[in-house]
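To start, the structure under review is shown below, and the notes come after it.
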Number of protein chains: 2
Amino acid sequence: RSGRARIEKMSSEVVDSNPYSRLMALKRMGIVSDYEKIRTFAVAIVGVGGVGSVTAEMLTRCGIGKLLLFDYDKVELANMNRLFFQPHQAGLSKVQAAEHTLRNINPDVLFEVHNYNITTMENFQHFMDRISNGGLEEGNPVDLVLSCVDNFEARMAINTACNELGQTWMESGVSENAVSGHIQLIIPGESACFACAPPLVVAANIDEKTLKREGVCAASLPTTMGVVAGILVQNVLKFLLNFGTVSFYLGYNAMQDFFPTMSMKPNPQCDDKNCRKQQEEYKKKVALLPKPEAVQEEEEIIHEDNEWGIELVSEVSEEELKNSSGPVPDLPEGITVAYTIPKKQDDCVPEVTVEDSGESLEDLMAKMKNI
Amino acid sequence: RSGRARIEKMSSEVVDSNPYSRLMALKRMGIVSDYEKIRTFAVAIVGVGGVGSVTAEMLTRCGIGKLLLFDYDKVELANMNRLFFQPHQAGLSKVQAAEHTLRNINPDVLFEVHNYNITTMENFQHFMDRISNGGLEEGNPVDLVLSCVDNFEARMAINTACNELGQTWMESGVSENAVSGHIQLIIPGESACFACAPPLVVAANIDEKTLKREGVCAASLPTTMGVVAGILVQNVLKFLLNFGTVSFYLGYNAMQDFFPTMSMKPNPQCDDKNCRKQQEEYKKKVALLPKPEAVQEEEEIIHEDNEWGIELVSEVSEEELKNSSGPVPDLPEGITVAYTIPKKQDDCVPEVTVEDSGESLEDLMAKMKNI
C-alpha cells in the first residue's frame with residue numbers, strides 16, 4: 001500500500017500525476033489570487049468525529065501546511081454511519097487512525113496529534129500552549145482553531161482558551177436529531193463568543209452528562225455532518241485565502257433546506273473577563289482606524305439594451321477576449337470556448353493571467369449574447 | 001485489513017459494535033418512521049468522481065440495499081483534491097476502486113459496477129436494461145438514478161433513458177470555477193427534464209469536447225463537492241424514507257453562502273418526445289385524483305402569554321412528558337433531561353414511541369420556560 005511521494009512546490013501543470021492541478025486552477029479561474037499560501041497555515045481541530053475527521057480530510061487534500069488534531073476517543077463500529085473512519089480501524093484512537101489515513105492521502109501536510117481530553121486542568125494548559133506555539137514554525141501561534149466537538153464543556157474550554165489568547169476560531173455543531181447544524185466564526189472582541197449568549201444548560205451550570213441516559217444515543221447522518229464539514233472548511237478557505245464572503249454564522253436545516261445566516265455582536269456583560277478585555281481592545285483598535293471617506297456618488301449606469309434596465313457589466317473587453325482566446329473553432333453565435341490557452345507553457349502559470357476572465361462558460365455565453 | 005461481519009437485521013441497540021445505532025436513533029427522534037426500509041432500495045449512480053464517490057460512500061454508510069455504479073474513468077493523483085479516493089488507488093478503474101473501499105466499509109450493501117461510458121450506443125442499451133432490471137430483486141427497476149457526471153452529453157443520455165422509462169432521477173453539478181453547485185430532482189412528466197430548458201451548448205448541438213483546450217483544466221474543491229454530495233444524498237434519504245421536504249432544486253453559491261431553491265414545470269414543447277409523452281400521462285394521472293376538499297377553517301389560537309401573540313404549541317402534554325421521562329435528577333427550572341428511557345429494553349424500539357417528543361433539548365427547554 002504505497003501512497004505518493006512528497007512534493008516540494010505546488011505546480012499548476014495539468015497532468016494526471018499532479019494532485020494540486022485542480023486547486024491551482026482556482027487562480028486561473030480568478031477565485032483565489034495566491035493558492036500556494038495555503039501551505040503557510042496551521043489549523044488546530046478539536047474533536048475528530050463525524051465533522052472533525054471530514055474537516056481534517058478536506059484541509060489535508062487542499063494541502064494545508066499543518067494540522068493539529070485533538071481527541072481522546074476511540075474509533076468504534078458505531079461511528080461507521082459517518083464518513084472517514086473504516087471498520088478495520090475500530091479500537092484505535094481517533095487521532096492515531098486519522099493521522100495514518102491523512103498522511104497517506106497527503107504526505108506534504110505536517111501533523112501533530114494529541115490523544116487527550118482538553119478539558120482537564122493539565123491538558124488544558126498543554127492545549128493552550130500548543131495553540132500559542134504550534135504554528136507552522138514552532139513558537140508561532142496556529143492560524144485558526146476549529147471546534148468540532150459534541151458537548152458544551154469542550155466548547156467552553158476552547159472559548160476560554162481563545163478569549164485568553166485572542167485566537168480567532170470557528171465553532172461547528174450538529175443537532176441530536178441529526179437534521180440540522182451550524183458553523184460560526186468567532187473573533188474575540190469583535191463577534192459574540194460562546195459565553196456571550198450561552199445555552200441554558202451552560203448558563204445554569206448543569207453538568208450535561210447528568211442529562212444523558214443509558215441505552216439511548218443521539219442520531220447522526222453522514223449527509224448532515226458532511227455538509228457541516230463542507231461549509232466549515234469552505235469558510236476556513238475563504239478566511240485564510242481571502243476570497244468570497246466569510247460567514248459569521250451559517251445554519252443548515254436539512255428538513256426544509258433552509259440555510260440561515262446572521263452575525264452577533266459580543267455581549268458587554270459577558271461572563272468571560274477575557275472576552276470583555278478583548279472587546280475593549282477591539283474598540284481601541286477600531287477607534288485608531290482612519291475614518292472612512294464619504295461614499296463617492298455612484299457612476300450612472302445607462303441601460304439601453306432592455307426595458308427592465310438590467311445590464312451585465314463586462315470586466316473584460318471584447319478585444320481582450322478575442323486576443324486571449326487564440327484560434328477559435330468555427331462556432332455558432334453565442335457559443336465560446338470553455339478555456340483559453342495560457343501564453344506560457346511553463347510549469348507555473350503567471351500569478352494573474354489576463355488570458356482568462358475567470359468567468360464560467362455560462363457567464364461568458366450570456367455576455368456574448370448581450371453584446 | 002479486516003472489515004466487519006455482515007449484519008442480518010438492523011438493530012437499534014446502543015452498543016459500540018453496532019454500526020446502525022445512530023441511524024436507527026432517527027426513529028426514536030421522530031425524524032424517520034421506518035429507517036430499516038433503506039435496505040429495500042436500489043440506487044444507480046452515474047459518475048463516480050468528486051460528487052459521485054462521496055454520494056456512494058454516504059449511501060453505503062446509511063445501509064442502502066443496493067448500489068449500481070457506472071464510470072469509465074481511472075483514478076489519478078489529480079483527483080486527490082477531492083474526498084474518497086486515495087493515492088495508492090491511482091491507475092485502478094474508479095468503479096473497481098470504489099467497490100473495494102465501499103464493500104469494506106459496509107458488507108451489507110449489494111454492489112453492481114459497470115466500467116463503461118453510458119453514451120455509446122451499445123452501452124446505453126445495457127445501461128437502460130440495468131435501470132429497468134437492476135433493482136434489489138433482479139427484474140425490478142432501480143428506485144432512483146443519480147447523475148454525478150461532469151459533462152452535458154452524459155446528462156442528456158441519462159435524461160433520455162429516464163424519460164423513456166419514466167424513471168425518477170436526481171441531477172447534480174459543480175461549476176468549473178469550483179465555487180458553486182446544485183442538485184435537482186426530475187420526475188418525468190411532473191417536473192422539467194434536462195431537455196426542457198437545455199444549456200445553450202446542448203441546444204446548439206455543439207460537441208462540448210471542442211470547447212476544451214490542452215493544458216488547462218477546471219478547478220475543483222473537496223468542500224464544494226462534499227456539500228453537493230451531502231445535499232444530494234440528504235434529498236435521496238428524504239425522498240426514499242419519506243421525511244422533511246424534498247427539494248426540486250437546491251443551489252449552492254459558496255462565495256456568498258447563498259442556497260437558492262426553485263421548481264420548474266416541464267416544457268410542453270420539449271425536444272424529447274418521451275418527456276412530452278410523460279407530461280400527457282402525468283396530466284391524466286392528476287385528472288383522476290379526487291378533488292381536494294375545501295380547506296377547513298383553522299382553529300383560533302388564543303395567545304395569553306405574551307404581548308406579541310406568539311405561542312409555542314406543544315404536541316406532548318406536560319403530564320405525558322413527566323410520565324415518559326422516568327426518574328429525573330434534581331434540576332433547576334427550565335432544564336430537562338436530554339433523553340427519555342425507552343420502556344422496553346428489547347433490541348428494537350417500537351416503531352412510534354410516545355415516550356419521546358422527538359424535539360431537541362433546546363426546543364423542550366424553550367417550551368418548559370413558556371409553560
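A note on names: the letters A, B, ... follow the listed sequences, proteins ahead of strands, and every chain is numbered from 1.
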Side-chain atoms of residues 241-248 of chain A: list all donor-acceptor pairs with protein atoms under 3.5 Å, sequence neighbours left out, distances to 0.1 Å.
from     : atom 1 : to       : atom 2 : distance (Å)
A/Thr245 : OG1    : B/Gln256 : OE1    : 3.1
A/Ser247 : OG     : B/Asp257 : OD2    : 2.5

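One distance of note links CD1 of B/Ile38 with CG of B/Leu23; it measures 8.0 Å at 0.5 Å rounding. Here CE of A/Met58 is found 11.5 Å from CE of B/Met225. Values are rounded to the nearest 0.5 Å. Taken to the nearest 0.5 Å, the CZ atom of A/Arg61 stands 9.0 Å off from the CG atom of A/Leu102.
Heavy-atom neighbours of A/Asp207 CG from other residues, nucleotides or ligands within 6.0 Å: above the threshold of 12.
In this structure a side-chain-to-backbone donor-acceptor pair under 3.5 Å is present from B/Asn18 to B/Ser11. When atom types are taken as modelled, the side chain of B/Arg28 and the backbone of A/Cys217 share a donor-acceptor pair closer than 3.5 angstrom. Side-chain atoms of B/Asp16 never come within 3.5 Å of backbone atoms of A/Glu76 as a donor-acceptor pair (strictly under, hydrogens ignored). With hydrogens and angles disregarded, a donor-acceptor distance shorter than 3.5 Å links the side chain of B/Asp108 to the backbone of B/Ile7.
For A/Asn235, the part lying near chain B is the side chain, with the backbone staying farther off; criterion is any non-hydrogen pair under 4.5 Å. When heavy atoms are compared at a cutoff of 4.5 Å, A/Leu26 approaches chain B by way of both its backbone and its side chain. With a 4.5 Å cut-off on non-hydrogen atoms, A/Phe84 touches chain B through its backbone but not through its side chain. Interface residue A/Val15: only backbone heavy atoms are found under 4.5 Å from chain B. If you measure heavy-atom distances from B/Leu237 to chain A, the contacts under 4.5 Å come from the side chain alone. Only the backbone of A/Phe85 comes within contact range of chain B, with at least one heavy atom under 4.5 Å from a heavy atom of that chain. Looking at B/Ile105, both its backbone and its side chain come within 4.5 Å of chain A, counting heavy atoms on both sides. When heavy atoms are compared at a cutoff of 4.5 Å, A/Thr55 does not approach chain B at all.
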How far apart are the C-alpha atoms of A/Thr261 and B/Phe259, what are their side-chain angles, what is the distance that settles it, and do they pass the side-chain contact (heavy atoms from CB on, under 4.5 Å) test? CA-CA 11 Å; A/Thr261 55; B/Phe259 298 79; over 6 Å; no
Where do B/Glu208 and B/Lys212 land on the salt bridge (charged side-chain N to carboxylate O under 4.0 Å, His left out) test, with the steps shown first? CA-CA 7 Å; B/Glu208 62 203 302; B/Lys212 306 223 163 169; 5.9 Å; no
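Heavy-atom pairs under 4.5 Å with chain B peak, among A/Asn253, A/Asn79, A/Thr224, at A/Thr224. With chain A as the partner, the residue from B/Gly230, B/Ala78, B/Ala25 showing the most heavy-atom pairs under 4.5 Å is B/Ala78. With chain B as partner, the option from A/Leu250, A/Thr60, A/Leu83 having the largest number of non-hydrogen pairs under 4.5 angstrom is A/Leu83. Considering only heavy-atom pairs separated by less than 4.5 Å from chain A, the leading option among B/Asn106, B/Leu221, B/Val228 is B/Leu221. The choice from A/Ala90, A/Cys62, A/Gly63, A/Ser220 that makes the most heavy-atom pairs within less than 4.5 Å of chain B is A/Ser220. Between chain B and the options A/Leu232, A/Val227, A/Val54, A/Val236, the largest number of non-hydrogen pairs under 4.5 Å is found for A/Val227. The candidate with the highest count of non-hydrogen atom pairs below 4.5 Å against chain B, out of A/Lys238, A/Met80, A/Gln234, is A/Gln234. Contact count versus chain B (heavy atoms, under 4.5 Å) is highest, among A/Asn81, A/Ile231, A/Val233, for A/Asn81.
Inter-residue side-chain proximity for A/Pro19 and A/Arg4 is flagged as met; some heavy-atom pair is nearer than 4.5 Å. With a 4.5 Å cut-off on side-chain heavy atoms, A/Arg103 and A/Val109 do not count as touching.
If you check the side chains of B/Thr101 and B/Gln89, you find a donor sitting under 3.5 Å from an acceptor.
The stretch residues 178-185 of chain B places B/Ala178, B/Val179 near chain A, each with some heavy atom under 4.5 Å from a heavy atom of that chain.
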